[in-house]
**Student:** 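Below: one structure in structure tokens.
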There are 2 protein chains.
Amino acid sequence: MTMPAPDTSRPSAISVADRLTQHVLGTMTPGMRLPSEADLAERYGVSRVTMREAVKMLAGRGLLDVARGRRAIVRQPDGSVFAEFLTSLLRSDPKCLFDLIQVRRSLEVQSVTLAARHASRAGIMAAEAALDRMRAAAEAGRSGADPAAQTRFHQADADFHEALALSSGNRVLSYLFEGMALPLRESFYASHRGQQLRGLSLADSVTAHAHILACVSSGDVKGASDAMSKLIDDAERDIRAAYSPESLDGGDGKGDRLRRSAASVASSAADGRSDGALSNTASPTLSANKRFP
Amino acid sequence: MTMPAPDTSRPSAISVADRLTQHVLGTMTPGMRLPSEADLAERYGVSRVTMREAVKMLAGRGLLDVARGRRAIVRQPDGSVFAEFLTSLLRSDPKCLFDLIQVRRSLEVQSVTLAARHASRAGIMAAEAALDRMRAAAEAGRSGADPAAQTRFHQADADFHEALALSSGNRVLSYLFEGMALPLRESFYASHRGQQLRGLSLADSVTAHAHILACVSSGDVKGASDAMSKLIDDAERDIRAAYSPESLDGGDGKGDRLRRSAASVASSAADGRSDGALSNTASPTLSANKRFP
DNA sequence: GTCATAAACTTGTATTACAACTTTGGTTGC
DNA sequence: GCAACCAAAGTTGTAATACAAGTTTATGAC
């Protein structure tokens, strides 16, 4: 008896969102444009308001790109959804950072292993280009006052690992790395707020990455995976060292300080799609009024 | 002049959604209830319609649980967002299934490795309980006509791997497994539509899982990881065999043997929130009308 | 004190109207 | 003929209002 009236308790906006999701996933491809809201509303037999809510749900899920004046277009899947999930997870429980690093090691090892087995010339060249950018940023950071050097370094670092993932030929791996890059970097900044990395460590990192790339190019699977494992281990140790004096198992156990620091930094989790996420700080209306219940 | 009027091109619903996201992630914890839409609309200085669209975006992203009559509550992060992403990815490119299996192997090995290193009594008992349910379902499936046995087996299988992930102490791993379970099972069923697993393969699967658990209990890290790696490898081979006659050229292949690990990959973990997303088939309205442009 | 009922509160949906932006088409000027 | 320009249509964004349908809370009877 599935016949009764479950639609009374099921808001039609949700139902329409599900049906639209099925349609988009089933019969449309990235880049295609949806019909107008008015059309969709008529087709699904709901008002434009309800239709807009359904479309907004899909947009929030990352399936659609909506903009004023233009009809919505189907988004290409990317790591941004995963990135947002990780960001919210790390905010609610900063200790998960180390869990994430563990997972990342596992995936990075998988990535270099596959890349060493069958890396294309293009992939290796992309990794080499990223490595060059890392080198340049490390130089700039060591020589003197270039506050943006560290950011450039991390960006190049992420590019390097994404190039490797691309070389692995595993698309899921690519999306995962793309999604992990930003949350990891934000957590990193949150732990080192204000702290500067030493130029030496950057140079060491460049050396380690170069070694990994050499192993990949020469097809040295074991060498590549071992080197990668060591690299991530070192990174974890650094981050753990930066965290431990701060709080964590210090005894209070609340972790509120970490939460605040994470919250202050991690506003750009929303990736490229919603670039304006950074511009808006906390609502003045909210801070002026009383807290939520 | 760089007139500061970029907010004209930025829909306030998006802006409000971002600000609300920051507030939820920054100052609220799962289970808390948001103010009413009217309150929020007033606080953010927008109409209720706009506020509702913002809330719907957060709901689509999995941050909020909305229901009629009740104020929205903050959701606990779980694997459902990841699951939806994988589902959309696998639909747009089914070949990614093998990429996903590769990733899964990596994570499963990581999971058993950590579990073997420091598994709690409770975690091992949970895995044992799941193994018992697997055994019971395999018996029921072998003895005769119990169509639900296979489903129960897959559920128990998924529970086993999730128990292992839980024993690993790595929350990210748990979420990832939770998110992978449903898409993998969906893809599995899509490739074997109607096909039944043999009772023998279920028994083999039970044996393999029992061996893994024994290694974990005794702290045999290498044994556990090797056994797990083999289990996933077999699963991949089975699924690949089941796919090739179907999507690729000829070969009868209808009687393909689906051995133990095929069953182990098809895991499930009732993700709760999005159960309706799968249940709804294509829109009747749409299929009745003309296709989208 | 417990239970039932009613009132208040809250979300869901529709309708209408208009503002702001994008695309498209034609028109003009060269 | 071709390019630039401009107007009109198309489309999304926002608001105000009204009511339906569910949930929570307060009230009152027992």
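In what follows, chains carry the letters A, B, and so on, assigned in the order in which the sequence lines appear, proteins first and then strands, with residues in each chain numbered from 1.
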**Student:** Side-chain N or O of B/Arg70 versus OP1/OP2 of C/dT10: is the shortest distance under 4.0 Å?
**Tutor:**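 Negative; the distance criterion is not met.
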**Student:** How many whole angstroms separate atom CZ of A/Arg10 from atom P of C/dT11?
**Tutor:**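 Computing the A/Arg10:CZ to C/dT11:P distance gives 19 Å.
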**Student:** Look at the side chain of A/Val49 and decide which nucleotide, out of C/dT15, D/dT12, D/dT14, has an atom nearest to it.
**Tutor:**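 Per side-chain heavy atoms of A/Val49, the pick is C/dT15.
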**Student:** Look at A/Thr50 and C/dA14 and indicate whether a side-chain polar atom (N or O) is within less than 4.0 Å of OP1 or OP2.
**Tutor:**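 It does, given that an N or O in the side chain of A/Thr50 lies less than 4.0 Å from OP1 or OP2 of C/dA14.
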**Student:** Toward the 5' end of DNA chain C, which comes first, A/Gly69 or B/Ala38, by nearest nucleotide?
**Tutor:**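 Result of the comparison: B/Ala38.
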**Student:** For B/Leu34 and D/dT24, give me the distance from atom CG to atom P, rounded to whole Å.
**Tutor:**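 Taking atom P of D/dT24 as the reference, CG of B/Leu34 is at 16 Å.
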**Student:** Verify the contact: side-chain N or O of B/Ser47 to OP1 or OP2 of D/dT14, cut-off strictly under 4.0 Å; return yes or no.
**Tutor:**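 Indeed not, no polar side-chain atom of B/Ser47 lies that close.
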**Student:** Expressed as a whole number of angstroms, how long is the span from A/Met51:CE to D/dT12:P?
**Tutor:**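 After rounding, the reported distance stands at 10 Å.
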**Student:** CG of A/Leu40 versus C1' of D/dT11: gap in Å, rounded?
**Tutor:**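 Answer to the nearest Å: 12 Å.
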**Student:** Apply the side chain to side chain contact (heavy atoms under 4.5 Å, CB included) test between A/Arg33 and each candidate in A/Ile73, A/Leu64, A/Val74; give the one that qualifies.
**Tutor:**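 Single side chain to side chain contact (heavy atoms under 4.5 Å, CB included) partner of A/Arg33 among A/Ile73, A/Leu64, A/Val74: A/Ile73.
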**Student:** Taking only N and O in the side chain of B/Arg52, is any of them less than 4.0 Å away from OP1 or OP2 of C/dG12?
**Tutor:**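 So the side chain of B/Arg52 is within the cut-off, an N or O lying under 4.0 Å from OP1 or OP2 of C/dG12.
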**Student:** To the nearest Å, how far apart are A/Arg48 CZ and C/dC18 P?
**Tutor:**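 Answer to the nearest Å: 14 Å.
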**Student:** Nearest to the side chain of A/Glu37, heavy atoms from C-beta on, is which of D/dT24, D/dA15, D/dG13?
**Tutor:**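 Per side-chain heavy atoms of A/Glu37, the pick is D/dG13.
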**Student:** Could you check how far CD of A/Glu53 sits from C1' of D/dA15, rounded to whole Å?
**Tutor:**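 A/Glu53 atom CD is separated from D/dA15 atom C1' by 14 Å.
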**Student:** Compare side-chain N and O positions of A/Ser12 against OP1 and OP2 of C/dG12 and report whether any pair is under 4.0 Å apart.
**Tutor:**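 No, no such contact exists.
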**Student:** State whether A/Asp65 and A/Arg75 are salt-bridged, where the test is any N-O pair (Lys NZ or Arg NE/NH1/NH2 against Asp/Glu carboxylate O) under 4.0 Å.
**Tutor:**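 A salt bridge links A/Asp65 with A/Arg75.
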**Student:** Below 4.0 angstrom, N of the basic side chain to O of the carboxylate: do B/Glu42 and B/Arg48 qualify?
**Tutor:**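 No, this pair does not count.
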**Student:** For the side chain of B/Thr21 and the backbone of B/Ala17, is there at least one donor-acceptor N/O pair under 3.5 Å apart?
**Tutor:**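 Pair found, side chain donor or acceptor close to backbone of B/Ala17.
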**Student:** Starting at NZ of A/Lys56 and ending at C1' of C/dG12, how long is that distance when rounded to a whole Å?
**Tutor:**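 Spelled out: NZ on A/Lys56 to C1' on C/dG12 is 17 Å.
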**Student:** Would you check if the distance from the ring center of B/Phe82 to the ring center of A/Phe85 is below 6.0 Å?
**Tutor:**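 Not close enough - the centres of the two rings lie 6.0 Å or further apart.
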**Student:** Among the nucleotides D/dT12, D/dT14, C/dT10, which one has an atom lying closest to any side-chain atom of A/Arg71?
**Tutor:**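 Among the listed nucleotides, the one closest to the side chain of A/Arg71 is D/dT12.
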**Student:** Please report the distance, rounded to the nearest Å, between CZ in B/Arg68 and C1' in D/dT23.
**Tutor:**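 Going from CZ in B/Arg68 over to C1' in D/dT23 covers 11 Å.
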